[in-house]
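Here the structure is laid out as structure tokens; the discussion comes afterwards.
Predicted model only: the values in this text are computed from it and were never measured. Basis for what follows: all heavy atoms, side chains included, without hydrogens, waters or symmetry-related copies.
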Amino acid sequence: MLFRSLDQNALRLNGVDSPSATRGATAEVLLNGNEFICDCSMQWLQDVHEEYYTDFRYPVIADEIKCSPQPYSTLGGLPSYIFLCQYESRCPPSCHCCGFNCDCELNCPDSCSCYNDQSWSVNIVDCSNLQYKAVPPKIPVDLTELRLDGSILPTLEPNSFFQHKYLKALYLNSSQIEFISNKSFHGLHQLTTLHLGNNFIERLDGYEFAGLNNLEELYLQQNSISWIGNETFARHPRLRILWLQQNNFVSLQVWEVLSTRIGRLAELRLSGSDYSCDCDYYTAFKSWLVEFQTKVSDSDEVHCVDTVSSSSGAGSGNRSEEHTSELQSHHDL
């Protein structure tokens, strides 16, 4: 018989009542060969498997445990977010009217998938690729991660996520976003990760991310951004990762836009835009890239485009024809 799930109390040692008691030399258990399903009910197994686990009410697991998702992976190498359970609704301890469709009962939105860990410190709502035209109503207020990739949201309205003060990660990739309103992310004081890749954003004036004081990762790749205000990233002291590759920058003065943040960034991406080869711009950008090349992870792929007009004329009598073509040559910065 193969175990797929195991309650922690099934391994509890008789006669040992204190977590700090002395563990007997023979208190070991072998569990290898079972096909455990790593969901939220099995999260305790990862804790027991930690090298410095000190709850001596339970035996040492003396062999290597593997569990799904397929292919079966070694327990010690699995990230904590694997240990999740899917749920349809949740009744918080403070809610006394669950089952009667009351406001405090937390339900997973229609067609979405929702997941939690054992302690509900992770609460993921996945509404990806459902083409929502607004933020879905009645999303659980205590969610920590919201996935809305593939929605249709040309304008992010003010206070779109105001109720979700525990939200830490927000995914809005490929959602046809063109404009971010002032206070679109108002109230998201715990947000650390924001994904806005593959949208149609053309400019950032500086107010778009106001209030995101704990923002650590910002992904803006594959947009149409040609202009970024100098204050856009200035008020984000924790920002470590910034992806700006594959946009429409031509003469953006990157050194000014990032003057207050570049020293704290761990990773910056800037490739995929046709930067100007104008002499003054090229010289300033090249000098800045050399100084901060350890920050710009794709610095080897950043180039400028030199556009040259060529003409040729031909005529008979008083008539002349002129042909103009644009010749582009790429130069590494």
Side-chain angles (χ1 to χ4, degrees), residues 5 37-43 46 67-71 73 78-92 95 98 101 103-157 159-177 180 184-201 209 212 214-223 241 243:
S5 183
I37 304 299
C38 286
D39 59 15
C40 64
S41 67
M42 296 293 289
Q43 192 171 354
Q46 191 178 49
C67 62
S68 64
Q70 298 287 356
S73 305
L78 288 175
S80 58
Y81 61 77
I82 293 294
F83 296 86
L84 301 175
C85 291
Q86 189 166 357
Y87 73 92
E88 296 296 330
S89 63
R90 179 197 176 195
C91 184
C95 187
C98 289
N101 197 27
D103 291 339
C104 57
E105 184 175 9
L106 305 177
N107 296 305
C108 189
D110 291 342
S111 302
C112 300
S113 299
C114 298
Y115 307 90
N116 67 283
D117 68 350
Q118 193 170 28
S119 65
W120 286 91
S121 59
V122 174
N123 186 355
I124 299 173
V125 176
D126 187 354
C127 300
S128 302
N129 302 314
L130 296 178
Q131 297 188 324
Y132 271 105
K133 296 182 179 179
V135 178
K138 297 185 178 180
I139 290 180
V141 294
D142 61 349
L143 87 165
T144 58
E145 182 174 314
L146 177 58
R147 301 175 182 177
L148 282 173
D149 297 332
S151 297
I152 304 174
L153 302 168
T155 297
L156 289 182
E157 301 292 345
N159 300 313
S160 294
F161 308 95
F162 180 70
Q163 293 183 335
H164 307 299
K165 61 182 180 180
Y166 302 108
L167 191 63
K168 295 181 179 179
L170 176 57
Y171 292 77
L172 291 164
N173 298 310
S174 306
S175 293
Q176 304 183 31
I177 298 170
I180 301 174
S184 290
F185 304 112
H186 182 58
L188 299 184
H189 302 301
Q190 294 193 36
L191 194 76
T192 61
T193 305
L194 178 56
H195 289 264
L196 290 165
N198 195 28
N199 283 295
F200 304 129
I201 303 167
F209 310 115
L212 299 181
N214 288 305
L215 190 64
E216 297 179 3
E217 302 179 21
L218 179 57
Y219 300 91
L220 289 160
Q221 74 279 8
Q222 292 181 280
N223 275 275
I241 297 175
W243 285 14

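- Judged by distance alone, the side chain of T193 and the main-chain N or O of A169 form no donor-acceptor pair under 3.5 Å.
- Residues that satisfy the ring pair (Phe, Tyr, Trp, His ring centres under 6.0 Å) test with F200, not counting sequence neighbours, are absent from this structure.
- Residues that satisfy the ring pair (Phe, Tyr, Trp, His ring centres under 6.0 Å) test with H195, not counting sequence neighbours, are Y171, Y219.
- Of all non-hydrogen atoms in C112 and C108, the two that sit nearest each other are O-SG, 3.6 Å.
- Among all heavy-atom pairs drawn from T144 and S121, the shortest one is CG2-O, 3.4 Å.
- In this structure, L220 CG and Q222 CD are separated by 11.5 Å, a value rounded to the nearest 0.5 Å.
- In terms of heavy atoms, P109 sits closest to C114 at CD-SG, 3.9 Å.
- N173 contributes a side-chain N or O that, together with a main-chain N or O of G197, makes up a donor-acceptor pair within less than 3.5 Å.
- Within the 4.5 Å cutoff, no side-chain heavy atoms of F161 are placed close to those of L191.
- Looking at S5 and I37, their side chains never come closer than 4.5 Å, going by heavy atoms from C-beta outward.
- Using a 4.5 Å heavy-atom cutoff, the side chains of H164 and L143 are in contact.
- A search for side-chain hydrogen bond (donor to acceptor under 3.5 Å, both in side chains) contacts involving Q221 returns nothing, not counting sequence neighbours.
- By the side-chain hydrogen bond (donor to acceptor under 3.5 Å, both in side chains) test, S41 pairs with D39, sequence neighbours left out.
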Please output the side-chain donor-acceptor pairs of residues 124-131 that fall under 3.5 Å, not counting sequence neighbours, one pair per line with the distance.
from, atom 1, to, atom 2, distance (Å)
D126, OD1, S128, N, 3.1
D126, OD1, S128, OG, 2.7

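- Scanning both residues, H186 and N159, for their nearest heavy atoms gives CD2-OD1, 3.2 Å.
- Among residues two or more places apart in sequence or in another chain, the side-chain hydrogen bond (donor to acceptor under 3.5 Å, both in side chains) test is passed with N223 by none.
- S160 pairs by the side-chain hydrogen bond (donor to acceptor under 3.5 Å, both in side chains) definition with nothing, not counting sequence neighbours.
- Sorted by first and then second residue, the pairs that involve residues 119-142 and meet ring-ring contact (aromatic ring centres under 6.0 Å, His included), not counting sequence neighbours, are Y87-W120.
- L218 has its side chain out of reach of L212: every pair of non-hydrogen atoms, C-beta onward, lies at least 4.5 Å apart.
- Taking the side chain as every heavy atom from C-beta outward, F185 and L215 never approach each other to under 4.5 Å.
- Residues V122 and F83 are not in side-chain contact: their nearest non-hydrogen atoms beyond the backbone lie 4.5 Å or more apart.
- Atom CD1 of I139 is separated from atom CG of L146 by 4.5 Å, given to the nearest 0.5 angstrom.
- Although no hydrogens or angles enter the test, the distance criterion places a donor-acceptor pair under 3.5 Å between the side chain of T192 and the main chain of K168.
- At distances below 3.5 Å, at least one donor-acceptor pair connects side-chain atoms of N199 with backbone N or O atoms of S175.
- Annotation: ring pair (Phe, Tyr, Trp, His ring centres under 6.0 Å) contacts of H189 (sequence neighbours excluded): none.
- Residues passing the salt bridge (Lys or Arg N to Asp or Glu O under 4.0 Å) test with E216, sequence neighbours excluded: R240.
- Residues satisfying the side chain to side chain contact (heavy atoms under 4.5 Å, CB included) test with D142, not counting sequence neighbours, are R90, L106, N123, P140, Y166.
- Contact of the L156 side chain with the L172 side chain is registered, since non-hydrogen atoms from C-beta on lie closer than 4.5 Å.
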